[in-house]
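What follows is one structure encoded as structure tokens, with my remarks underneath.
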Amino acid sequence: MDELGKSEAALVAARRDNLAALRSRGNDPFAQTRYPVDASANELLARYGFLEVGQHAESENWYVAGRLMSKRTMGKTIFADLHDRTGRLQCYIRKDEIGDEAFADWEDLDRGDLVGVHGFMFRSKKGDLTLHVLKFAVLGKALMPLPDKWHGLQDVEKRYRQRYVDLIVNPEVRDAMIMRSRIIAETRRFIDARGFYEVETPTLLHVAGGASARPFLTHVNALSGEQMQLRIATELNLKRLIVGGMERVYEIGRIFRNEGIDTTHNPEFTMLELYAAYWNMLDMLDFNEALIAHLAGVVSGGGTDLQIGERTISFARPFARIGYLEGIAKYSDGRFTRERLLDPEGASAILRELGLPDSPTHGHALDKIFERVLEPHLIQPTFVTDYPVVISPLAKRKAGDPELVDRYELFCNTMEISNAFTELNDPDDQRSRFEAQIEERAKGDDEVPEPDWDFVRALEYGMPPTAGIGIGIDRLVMLLTNNTSIRDVLLFPLQRQHG
RNA sequence: GCGCCUUUAGCUCAGUCGGUAGAGCAGCGGACUUUUAAUCCGUUGGUCCUGGGUUCGAGUCCCAGAGGGCGCACCA
């Protein structure tokens with residue numbers, strides 16, 4: 001535990017004195033076990049909206065519990081604000097009703113204490129719906145002083161390191177996290193309703209594949225210290241399940257990538273991957289569009305538009321579509337043609353024209369060109385389709401155009417939201433693409449994973465035609481909740497130790 | 001990894017030209033029976049992120065380091 005400063009220690013000591021005073025009157029906050037809560041703050045505000053100033057609903061009594069966030073003492077009466085998970089409820093306490101001892105208890109309560117109150121609703125002189133307290137119990141004591149009641153907690157570092165304090169005093173943080181929970185719950189409902197099985201595949205793998213990123217390494221004591229890797233994707237195991245005949249599977253799981261940390265990257269993040277046998281990329285696109293439109297409806301309260309930063313983004317279907325190569329050609333005034341892009345030398349030349357540094361591989365060069373030329377224009381939800389095969393090692397080739405694959409990515413507000421393709425199910429093609437990756441590793445791209453040869457063997461048992469999708473949940477929540485940093489949608493973003 | 005910004009009371013923030021530390025809130029004492037950032041009177045509280053240096057004198061200037069934020073690079 002950190003050392004307290006002198007001033008802070010005095011504040012804690014004062015709270016301990018109040019705790020001792022409560023206990024001396026037989027009211028030990030930490031001895032309580034339950035409270036018969038039968039209403040929440042917002043429920044009561046909604047239910048008694050009809051009350052007029054001065055009107056009381058004395059015939060109905062309620063139990064509410066929450067954290068004391070504000071206390072206004074005026075001699076023989078007290079007004080206090082209680083916060084629960086739904087919102088704020090004002091309470092009104094009279095000394096002549098609850099008695100001297102109980103009133104002394106209220107006077108000894110500190111901001112942050114947990115209190116259960118019992119009473120009836122009325123509308124105060126100033127028009128605020130208020131609970132008139134008849135009985136109460138102190139359910140917990142805050143020994144630490146809370147941040148400023150008006151400004152909340154602003155110190156970003158402290159907000160992340162002590163998220164519990166952030167959640168107590170900054171309601172918008174709580175709202176964003178609750179919205180994240182709702183988005184994930186709605187996503188599950190939407191998928192489950194379409195006959196998918198939610199599955200869980202291992203996090204510890206001997207070979208972390210299915211994406212290109214540096215993995216975290218660890219050791220398994222029970223296996224003589226054998227080295228293992230934390231997964232960087234769930235893709236290959238989910239496709240093994242498709243081979244096994246489960247046909248429609250998904251996993252919402254934590255993925256680990258040992259890469260940089262910034263406003264859109266956290267070393268551990270949440271990914272939805274979903275696979276459907278007998279679907280192709282267009283079926284998946286339709287599903288994807290319906291899901292995102294549905295979630296935008298949930299967040300916007302039934303609408304199609306969301307205010308994201310300074311822009312209004314419309315999630316009305318259908319979303320825009322543009323070909324990968326066509327898009328780059330369009331936003332380069334036709335200079336960066338398909339022929340140039342698909343030729344490694346041509347792509348290198350484009351990099352030079354754009355003033356970008358040389359890339360180690362053709363695929364890397366294409367990514368850089370895409371990011372510079374097309375991505376900045378992808379504000380409204382847009383499906384980018386028909387990716388080159390060189391940057392899509394696990395996707396099936398497009399019929400009649402073997403340099404491209406049946407793949408799309410959904411972009412919104414210039415951020416990649418999802419990545420989907422018709423899965424490669426030809427084991428011979430898969431083997432040769434893994435062999436190509438070995439060469440890329442040899443060229444020094446150490447983010448290219450080691451091949452997973454058992455996955456090739458699985459394909460040799462026969463995988464039906466299948467479409468798959470990956471959706472970065474954190475970025476999706478960022479988009480839908482209008483947050484610009486991934487840390488604002490993660491409860492506990494990774495921070496360096498100490499502080 | 002590079003650049004810019006930032007770190008002062010429990011919280012939110014001031015701090016001028018280098019002259020010995022300020023406010024509001026919270027806390028503490030008092031007044032107050034419909035307040036809501038309650039109000040009014042009084043009052044406590046400081047490792048100025050750390051370590052060096054310059055100087056008669058450093059919160060302030062210089063160097064190094066730490067934490068954090070943003071941008072770049074990296075990262076499907």
Side-chain angles (χ1 to χ4, degrees), chain A residues 3-15 17-18 53-54 69-81 88-97 103 110-112 122-130 132 142-161 165 169-170 210-214 232-233 235 255 257-267 269 271 356-357 360 363-364 366-368 370-371 375 384 387 391-395 407 409 411 416 418-419 421 445-448 470 472 475 484-485 487 493 495-499:
Chain A
E3 291 284 320
L4 296 184
K6 245 167 80 180
S7 164
E8 188 173 20
L11 294 172
V12 172
R15 284 167 176 260
D17 287 347
N18 290 337
V53 170
M69 293 302 287
S70 169
K71 194 173 75 171
R72 300 173 289 284
T73 308
M74 282 163 306
K76 299 184 176 67
T77 62
I78 296 173
F79 280 92
D81 292 342
R88 180 198 86 118
L89 182 68
Q90 179 168 263
C91 298
Y92 177 60
I93 299 96
R94 295 175 63 98
K95 189 175 190 175
D96 59 5
E97 285 183 356
F103 197 79
D110 290 302
R111 189 170 120 86
F122 75 103
R123 193 178 288 278
S124 74
K125 209 179 262 184
K126 295 287 170 66
D128 215 0
L129 278 174
T130 305
H132 189 120
L143 294 172
M144 294 291 283
L146 259 51
D148 194 279
K149 67 180 170 189
W150 186 244
H151 301 95
L153 182 63
Q154 300 298 321
D155 184 319
V156 195
E157 181 179 355
K158 197 163 226 174
R159 285 187 45 223
Y160 297 149
R161 288 188 192 275
V165 180
V169 297
N170 294 331
S212 74
R214 267 178 284 261
I232 58 174
E235 173 145 0
I255 301 296
R257 295 186 183 175
N258 207 344
E259 309 278 1
I261 301 174
D262 61 30
T263 46
T264 54
H265 297 83
N266 194 66
F269 61 101
M271 178 108 96
L356 293 171
H364 188 268
L366 289 177
D367 283 337
K368 292 293 128 190
F370 177 88
E371 276 170 31
E375 201 174 68
V384 177
Y387 275 66
I391 51 176
S392 314
L394 298 163
R407 173 185 176 190
E409 289 194 353
F411 284 83
E416 182 198 332
S418 50
N419 176 21
F421 39 85
D445 191 345
D446 57 355
E447 271 151 22
V448 177
R475 291 183 187 180
T484 53
S485 171
R487 298 182 194 98
Q495 297 282 109
R496 204 178 286 270
Q497 195 164 35
H498 255 194

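Each chain gets a letter, A, B and so on, in the order the sequences are listed, and its residues count up from 1. Every heavy atom of this structure was used, including side-chain atoms; hydrogens, water molecules and symmetry mates were not.
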Restricting to salt bridge (Lys or Arg N to Asp or Glu O under 4.0 Å), what partner residues turn up for [X], sequence neighbours left out?
X	answer
R475(A)	none
D128(A)	R88(A)
K368(A)	E371(A)

Report task. Would you please name every residue forming a ring pair (Phe, Tyr, Trp, His ring centres under 6.0 Å) with F122(A), sequence neighbours left out? Result -> H56(A), Y92(A), H132(A)
Determine the interatomic distance between [atom1] on [N] and the same-named atom on [M]; round to the nearest Å.
N	M	atom1	value
rC17(B)	rU35(B)	C1'	48 Å
rG59(B)	rC48(B)	P	8 Å
rC28(B)	rC13(B)	P	24 Å
rG53(B)	rC72(B)	C1'	33 Å
rU33(B)	rC25(B)	P	22 Å
rG57(B)	rG19(B)	P	14 Å
rG52(B)	rC11(B)	P	26 Å
rG15(B)	rU60(B)	C1'	9 Å

Name the nucleic acid region contacted by [X], choosing base, sugar-phosphate or nothing; use a 4.0 angstrom heavy-atom cut-off, strictly under.
X	value
G363(A)	nothing
P393(A)	base
F122(A)	base
R487(A)	sugar-phosphate
S70(A)	sugar-phosphate

Query raised in the report: Do E157(A) side-chain and rU7(B) base share a donor-acceptor contact under 3.5 Å?
Result: no
Query raised in the report: Does the base of rU35(B) carry an N or O that pairs as donor and acceptor with the side chain of S124(A) under 3.5 Å?
Result: yes
Roughly, in whole Å, what's the span from [atom1] in [X] to [atom2] in [N]?
X	N	atom1	atom2	value
K158(A)	rA9(B)	NZ	P	10 Å
R496(A)	rG68(B)	CZ	C1'	10 Å
F411(A)	rA76(B)	CZ	P	13 Å
Q154(A)	rU6(B)	CD	C1'	15 Å
E8(A)	rU44(B)	CD	P	20 Å
Q90(A)	rU34(B)	CD	P	13 Å
D155(A)	rA9(B)	CG	P	11 Å
Q497(A)	rG68(B)	CD	P	11 Å

Suppose we screen for side chain to side chain donor-acceptor pair (under 3.5 Å). Which residues come up paired with [X], at least two apart in sequence or across chains?
X	value
D262(A)	T264(A), H265(A)
S212(A)	none
S70(A)	R72(A)

Out of [options], which nucleotide sits closest to the side chain of [X]?
X	options	result
Q495(A)	rA76(B), rU33(B), rG68(B)	rG68(B)
D262(A)	rC32(B), rG67(B), rC74(B)	rC74(B)
S485(A)	rU12(B), rA73(B), rC70(B)	rC70(B)
D128(A)	rG71(B), rU35(B), rU12(B)	rU35(B)
L153(A)	rC74(B), rC11(B), rU35(B)	rC11(B)
Y92(A)	rU35(B), rU33(B), rG10(B)	rU33(B)

**Report entry** Nearest-nucleotide comparison on RNA chain B, the residue closer to the 5′ end among R475(A) and G127(A)
**Finding:** G127(A)
Report task. Flag the pair N419(A) / R407(A) as yes when at least one side-chain heavy-atom distance between them is below 4.5 Å, and no otherwise. Result -> yes
**Report entry** Positive for side chain to side chain contact (heavy atoms under 4.5 Å, CB included) with I232(A), one of R257(A), M271(A), R214(A)
**Finding:** R257(A)
Query raised in the report: Which ranges of RNA chain B pair up as stems, where a stem means three or more consecutive Watson-Crick or G-U pairs with both distances under 3.5 Å?
Result: B:1-7 with B:66-72, B:10-13 with B:22-25, B:27-31 with B:39-43, B:49-53 with B:61-65
Report summary line: With B for base contact, S for sugar-phosphate-only contact and - for none (protein heavy atoms under 4.0 Å), nucleotides 21-28 of chain B reads ---BBSSS
**Report entry** Evaluation steps, side-chain contact (heavy atoms from CB on, under 4.5 Å), between K158(A) and V165(A)
**Finding:** CA-CA 8 Å; K158(A) 197 163 226 174; V165(A) 180; over 6 Å; no
Query raised in the report: Can E8(A) and K6(A) be counted as an ion pair, charged N to O under 4.0 angstrom?
Result: no
Query raised in the report: Does the side chain of T263(A) get closer than 4.0 angstrom to OP1 or OP2 of rG71(B) through an N or O atom?
Result: yes
Query raised in the report: Closer than 4.0 Å, any side-chain N/O of K6(A) to the OP1 or OP2 of rG46(B)?
Result: yes
**Report entry** R94(A) versus T77(A), side-chain donor and acceptor atoms under 3.5 Å
**Finding:** no
